[in-house]
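Notes follow the structure.
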Amino acid sequence: MPTISVGRDRLFAALGRTYTQEEFEDLCFSFGIELDDVTTEKAIVRKEKHLEEEDANEDEEIIYKIEIPANRYDLLCLEGLAQALRVFCGFQEIPTYKLSDISKDKMLKMHVKPETSLIRPYVVCAVLRGITFDKARYNSFIDLQDKLHQNICRRRTLVAIGTHDLDKLEGPFTYEALPPSSINFTPLKQERSFRADELMEFYKSDLKLKKFLHIIEDSPVYPVLYDSKRTVLSLPPIINGAHSAITLETKNVFIECTATDLTKAKIVLNTMVTAFAEYCENKFVIEPVEVVSSDGKSHIYPDLSVYNMEVSLSYITGLIGVSLEAEEVTKFLNRMQLHAKQSTSDSKQCNFIVSVPPTRSDVLHPCDVMEDVAIAYGFNAIKDQAIVDNKGSKRLAASLTLLPLNELSDLIRNEVAMIGFTEVLTFILCSKKENFSMLNRKDNKSKAVIIGNPRSSDFEAVRTSLMPGILKTAAHNKDHPKPIKIFEVGDIAILDDNDVGAKNLRQVAALYCGANAGFEIIHGLVDRVMEKNGITFVSPGDKSGYYIERSDEPEFLAGRQARIIYKGKQVGTFGIVHPEVLNNFDIPDPCSFVELNIESFFHCPLDISVLLVQPGSRNAQQVEGFHTFGNFKVLNGEQNVTCMPQD
């Protein structure tokens, strides 16, 4: 999820009060976001430059790094976040955004030429009049554009944002698509003029802009925006013109968004103007711009209209699992910036008309409204309780359970931890080298899911085993007192012939590293996990339980390894790790390792309903093909019978 960095003191000033770190963490949790890190500007710079950490100076500004949901574009800057938290805490009413009262004749116009359909067909515009910038606001304004470009704009492929000092331009404006040799202007932060094709070559050495060149580089025409004096505003999605660059003294900001997706362009424009309209002379008032298409049709942007959605009270309470009065639901929705009032269209049940403002583009369905009610109510406050449904009958609410596979995974985690192993959590992505050659394995191109455009050589493939991550963990802790006993329960992925082309497998793996290899300890761990699953050791060839047989895997020492066979199929391997593999991972001590497929422990296919119950419970109503795990029973099937406690 996206993470934004905001100054603590500036955020608290915007909220109108100060918080301790613990209080602010609780506020974030209540609102559905997370305080990810507390740092300083200098510490961030030192980390980026890989310099040694230093004690923070009292004069350094404290920076809060806050993780927000990926679909909450309105929270991508301090202004939007502070406003949402103020409304949530009851410090402020829900703002109402309006278009300025201006006649169509006096409205700024953007004329779209037909050639733009060949490259980026859409453009939407707006004006922020009488805005007041200071350094912090200006930086936040620029940073919001970058965050949107990386998020909903998909690195400018769907939408590109241009912001300009309107006082340096003269309307009406035109949006055109011209051959590169016909476009000539001075780009932002440059002092000489370039032709567009020359500019492409120039920016191939620019670390930031070169990654956007491919979007239009091979097109016969490039998109370009002009004012009435043929001054270039921007060459989207690459760079703005230097002539109309905004500064701290800018009072009127012209915002244009060119796009291949009109819906996303409207969302981006609304996000920009609503976040910073509070700094305008007329608070929360935005000046519209008329966009005239090549076919003569005109549209007014931004579209700040509120759309209404009808949601029933029974739908909200039924999914959350709590009994709420209509007034309570209205109050909770208001805290989440959603206006709500009771509908009179249906006398038999209570419905709400929920008004969704332009800031909340994430609200698309009644389930989104329900989620906001649950957040405002508090997830920790939701308890198992009987509620009355719309038919007047009582039922147990909030009875959702973990997926059976996750339930069994947790049980295995607990059991392995009680044996004395420490759980680790490693990256699902790894390098191809770690996945194959460092484990003495050959890549036959038929197993691993490869990342198409990896950002780093460390994350080139999805792991096909838990072994690389666990060995890397042991290597980074080789100075830790011995023995090292670690384990992981997690997913791997392998190529498959299904519709997706790949499938996930849930595995459990453990490693023992010490003065001796500890083969017998890992072997004992295998026996313990099997015993707790109710699977007995049998003679080779017997499919009623499990047995081991000699294996020949390259990552293990020859003659000191075995494969685990259950119901005639291999479900895992264990053995002493090969010295070459240990050397590849820079581990000086001998190790033993085991990896088992957890999904093989289910007696029935995983898409069949599975229920996990405590001994003696009467809420388990399924029994076709069950197995036990310690003092629990894992039941599979669809037949309704009462589960009895394990003997």
Side-chain angles (χ1 to χ4, degrees), residues 404-421 423 464-467 470 485-492 494 503-512 517-577 591-606 608 610 612 623-637 646-647:
L405 181 58
N406 293 338
E407 201 84 63
L408 183 57
S409 298
D410 287 344
L411 290 172
I412 291 175
R413 281 189 180 96
N414 291 337
E415 192 62 38
V416 178
M418 286 190 287
I419 295 172
F421 284 74
E423 185 174 11
T464 58
S465 165
L466 300 181
M467 194 173 194
I470 288 185
K485 298 165 70 177
I486 55 178
F487 79 98
E488 180 174 8
V489 176
D491 284 359
I492 64 171
I494 59 174
K503 65 179 179 180
N504 286 9
L505 295 175
R506 182 67 54 82
Q507 308 281 104
V508 56
L511 178 124
Y512 179 94
F519 180 81
E520 69 284 357
I521 294 175
I522 290 297
H523 192 173
L525 175 62
V526 173
D527 292 339
R528 181 63 174 173
V529 170
M530 289 299 193
E531 177 190 359
K532 299 302 287 185
N533 269 281
I535 304 171
T536 57
F537 186 81
V538 296
S539 301
D542 188 344
K543 294 186 178 181
S544 63
Y546 82 99
Y547 58 91
I548 61 174
E549 62 181 24
R550 182 170 179 166
S551 65
D552 190 23
E553 301 295 338
E555 61 266 33
F556 295 115
L557 198 61
R560 295 293 184 271
Q561 57 176 290
R563 64 171 61 95
I564 305 162
I565 309 298
Y566 173 52
K567 289 196 168 184
K569 296 181 181 179
Q570 180 177 333
V571 297
T573 54
F574 68 96
I576 298 176
V577 182
C591 300
S592 288
F593 178 84
V594 62
E595 185 163 355
L596 272 168
N597 177 247
I598 292 177
E599 297 175 23
S600 60
F601 298 155
F602 284 92
H603 289 209
C604 295
L606 289 182
I608 294 179
V610 183
L612 182 76
V623 76
E624 183 184 316
F626 67 88
H627 71 274
T628 61
F629 190 102
N631 291 324
F632 294 86
K633 286 189 176 181
V634 180
L635 309 176
N636 302 279
Q646 179 185 342
D647 295 331

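For S409, the side chain to side chain donor-acceptor pair (under 3.5 Å) criterion is met by R506, not counting sequence neighbours. In this structure S544 satisfies the side-chain contact (heavy atoms from CB on, under 4.5 Å) test together with V538, D542, sequence neighbours excluded. Judged as a side-chain contact (heavy atoms from CB on, under 4.5 Å), and not counting sequence neighbours, K543 has no contacts. In terms of the ring-ring contact (aromatic ring centres under 6.0 Å, His included) criterion, F487 has no residue partners (sequence neighbours excluded). By the ring-ring contact (aromatic ring centres under 6.0 Å, His included) test, F574 is found to be paired with F519, H523, residues two or more places apart in sequence or in another chain being considered.
F421 carries K485 over the face of its six-membered ring, with the cationic atom under 6.0 Å from the centre and within 45° of the normal.
Between the side chain of E595 and the main chain of L466, a donor-acceptor pair closer than 3.5 Å is present.
If you look at F537 and Y547, their ring centroids are not closer than 6.0 Å.
Between V416 and L525, the closest side-chain pair of non-hydrogen atoms falls below 4.5 Å. In this structure, L505 and I494 have side chains that are in contact, with non-hydrogen atoms separated by less than 4.5 Å. Between F601 and I412, some side-chain heavy-atom pair lies under the 4.5 Å cut-off. Residues Y566 and I535 are in side-chain contact: their nearest non-hydrogen atoms beyond the backbone lie under 4.5 Å apart. No side-chain heavy atom of L557 sits less than 4.5 Å from a side-chain heavy atom of V577. In this structure, the side chains of M530 and L596 come closer than 4.5 Å at one or more pairs of heavy atoms.
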What's the verdict on side chain to side chain contact (heavy atoms under 4.5 Å, CB included) for V594 and T573, showing C-alpha distance, side-chain angles and the deciding distance?
CA-CA 6 Å; V594 62; T573 54; over 6 Å; no
Steps toward side chain to side chain contact (heavy atoms under 4.5 Å, CB included) verdict (I419, R528)
CA-CA 9 Å; I419 295 172; R528 181 63 174 173; 3.5 Å; yes
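Note that the CD atom of Q507 and the CD1 atom of I492 stand 4.0 Å from one another [nearest 0.5 Å]. One distance of note links CE of M418 with CG of N414; it measures 6.0 Å at 0.5 Å rounding. Atoms OG and CD1, from S600 and I564 in turn, are 9.0 Å apart once rounded to the nearest 0.5 Å.
Residue pairs that meet the salt bridge (charged side-chain N to carboxylate O under 4.0 Å, His left out) test with at least one member in residues 548-559, sequence neighbours left out, are R441-E555, E549-R563.
Summarising the local packing, CZ of R413 is surrounded by more than 12 heavy atoms from other residues, nucleotides or ligands at distances under 6.0 Å.
With 3.5 Å as the limit, one finds a donor-acceptor pair spanning the side chains of Y546 and D527.
In plain terms, the two heavy atoms of F556 and Q561 that are nearest each other are O-NE2, 3.4 Å. Between S592 and G518, the closest heavy-atom pair is OG-C, 3.7 Å. Shortest non-hydrogen contact noted between A510 and I522 is O-CD1, 4.0 Å.
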